[in-house]
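In what follows, a structure is listed as structure tokens, so that the remarks can point back to it.
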Amino acid sequence: MSATEIDFYELLECERTADDKTLKSAYRRLAMKWHPDKNPGDKEAETRFKMISVAYDCLKDPQKRAAYDRYGHAAFQNGGPGGGQGGADFGDIGDIFESIFGQAFGGGGRQQARRGADLRYDMEISLEEAFHGKKTEIEIEVSAACEPCHGSGAEPGTGARRCTMCGGHGKVRAQQGFFVVERTCPTCHGRGEVIEKPCRVCRGEGRVDKPQTLEVDIPPGVDSGTRIRLSGKGEAGPFGAPPGDLYIFLHVKRHAVFEREGTTLVTRVPITFTTAALGGDIEIPGIDGERLAVDIPAGIQSGKQLRKRGAGMPVLQGRGRGDMVIEISVETPTKLSARQKELLRELQETETGDECPGSKGFFERIKSVWAGLAE
Ligand SMILES: [Zn+2]
Ligand SMILES: [Zn+2]
């Protein structure tokens with residue numbers, strides 16, 4: 001086991017869905033149990049006490065917990081996901097974490113096999129799916145622990161014997177000048193044992209490629225760039241070591257009507273110039289499938305933005321929804337009948353210029369410019 005494999009929830013003996021109260025009481029109970037005062041001189045108890053403190057420190061903070069749920073321990077490493085960009089600020093929790101967990105399981109003893117690799121799976125979803133969330137299944141071919149040998153790599157019925165090269169320590173020592181250097185045993189690759197007879201199915205590897213169907217639960221509010229972690233669904237570890245994680249990378253497809261800016265949905269709505277002048281009610285589709293009534297005030301101009309509160313995208317792992325912004329563009333008619341043209345001419349004859357103050361003001365300003373040019 002290494003620092004990267006200890007699950008915070010397992011440390012606190014809680015479900016991943018545990019609420020704050022449950023976490024807190026679990027932490028109190030375990031902190032009491034492993035407290036150095038209660039276990040004087042017990043190094044392991046002290047380490048465990050430190051670890052549960054770090055785990056609880058992370059999970060009690062909603063922001064850190066959300067990041068941990070999404071990225072696992074990667075949330076604390078190398079400044080967080082994406083090199084710190086967009087990730088929560090964890091201060092030095094990463095360092096503390098590494099030093100305690102690394103110390104506890106990295107040094108001394110037999111070296112454990114490395115865990116399996118993390119995998120990436122890209123998934124495209126529609127904006128509607130991002131809105132509602134989605135439960136879906138994916139099929140992937142992933143290396144899984146070999147069944148006949150249970151991942152050990154040894155032919156069933158045969159065993160493994162202690163490595164004679166390192167005496168089962170997984171490490172060999174060599175003198176280099178003044179120093180004694182410890183290296184991973186080249187014979188058993190650190191496992192401390194060697195297989196007598198390799199498994200025929202996996203040829204001694206302990207894992208085989210296998211198609212798997214996995215359930216993916218996409219929460220409402222995800223966006224392009226959101227990653228969903230399926231813990232332990234990555235590649236199987238070599239020789240029965242723990243598996244890696246599978247990360248689902250989400251991509252939200254462009255929508256025909258809506259543009260998304262965070263939780264805000266923007267839609268451009270062309271209206272007729274008569275509706276713009278007289279005002280009126282129009283209906284537009286909402287992302288939730290409802291019809292949204294929009295009240296157009298008389299005299300609205302192109303570019304004006306109307307806002308529908310709470311008609312945007314849901315907040316990921318939060319409450320409420322963003323807004324919908326409706327940007328109005330006034331469309332000048334291009335296909336008029338003879339009768340319509342006649343009516344418009346009639347309208348034109350009644351114009352005094354005061355109907356459109358913007359236009360009137362502009363031409364008055366031009367007049368003064370022309371007058372200046374004439375001097
Ligand atoms: Zn060895
Ligand atoms: Zn096998």
Side-chain angles (χ1 to χ4, degrees), residues 1-7 10 43-44 47-48 51 72-73 77 98-121 137-216 229-248:
M1 205 185 285
S2 82
T4 49
E5 290 143 23
I6 304 157
D7 188 85
E10 275 170 32
K43 276 275 167 216
E44 208 188 308
T47 306
R48 190 156 278 270
M51 289 195 297
H73 292 169
Q77 288 154 352
E98 281 293 341
S99 71
I100 296 171
F101 285 47
Q103 226 176 23
F105 295 96
R110 205 178 72 170
Q111 189 183 342
Q112 298 284 339
R114 275 184 50 230
R115 66 174 207 139
D118 290 341
L119 295 177
R120 172 185 176 136
Y121 183 94
E137 284 184 346
I138 56 167
E139 292 240 2
I140 53 164
E141 178 138 315
V142 67
S143 84
C146 172
E147 265 168 34
C149 68
H150 302 288
S152 72
E155 180 69 17
T158 72
R161 56 179 168 75
R162 205 158 74 160
C163 174
T164 47
M165 180 75 169
C166 60
H169 290 295
K171 284 177 181 169
V172 286
R173 286 160 169 259
Q175 187 87 27
Q176 246 177 40
F178 292 110
F179 305 102
V180 175
V181 182
E182 241 184 16
R183 284 186 302 127
T184 301
C185 172
T187 305
C188 65
H189 304 289
R191 294 171 59 220
E193 27 182 58
V194 284
I195 291 160
E196 283 172 356
K197 204 175 159 203
C199 164
R200 269 173 297 178
V201 176
C202 61
R203 279 186 243 105
E205 278 226 28
R207 44 185 181 173
V208 284
D209 281 353
K210 216 170 155 188
Q212 285 190 40
T213 307
L214 298 174
E215 270 179 28
V216 184
R229 181 170 72 122
L230 298 187
S231 181
K233 299 296 182 191
E235 235 171 42
F239 310 113
D245 298 332
L246 173 69
Y247 288 90
I248 313 269

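Counting convention: from 1, in listed order, for ligands and their atoms alike.
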Check: Asp118 main-chain N/O paired with Asp245 side-chain donor or acceptor under 3.5 Å:
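The answer is no, because no donor-acceptor pair under 3.5 Å joins these two groups.
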Could you check whether any side-chain N or O of Arg207 sits under 3.5 Å from a backbone N or O of Ala236, counting only pairs where one atom can act as donor and the other as acceptor?
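Judged by distance alone, yes, a pair lies under 3.5 Å.
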Working to 10°, measure the angle at the Zn ion (ligand 1) formed by atom SG of Cys166 and atom SG of Cys188.
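Reported to 10°, the angle equals 110°.
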At the Zn ion (ligand 1): angle between Cys185 atom SG and Cys163 atom SG, to 10 degrees
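About 110° at the Zn ion (ligand 1).
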Should Lys210 and Glu147 be marked as a salt bridge (Lys or Arg N to Asp or Glu O under 4.0 Å) after you check the CA-CA gap, both sets of side-chain angles, and the distance that decides it?
CA-CA 11 Å; Lys210 216 170 155 188; Glu147 265 168 34; 2.8 Å; yes
How long is the gap from CD on Glu137 to OG1 on Thr213, to the nearest 0.5 Å?
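Going from CD on Glu137 over to OG1 on Thr213, the span is 6.0 Å.
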Working to 10°, measure the angle at the Zn ion (ligand 2) formed by atom SG of Cys149 and atom SG of Cys202.
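The two atoms form an angle at the metal of about 110°.
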How large, to 10°, is the angle at the Zn ion (ligand 2) when you draw lines to SG on Cys199 and to SG on Cys146?
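Vertex the Zn ion (ligand 2), arms to SG of Cys199 and SG of Cys146: 110°.
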Do any of the N/O/S atoms of His150, backbone or side chain, fall under 2.8 Å from the Zn ion (ligand 2)?
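Coordinating: no.
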Note: Glu155-Arg200 ion pair, threshold 4.0 Å (strictly below)
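Judged by the 4.0 Å cut-off on N to carboxylate O distance, Glu155 and Arg200 do form a salt bridge.
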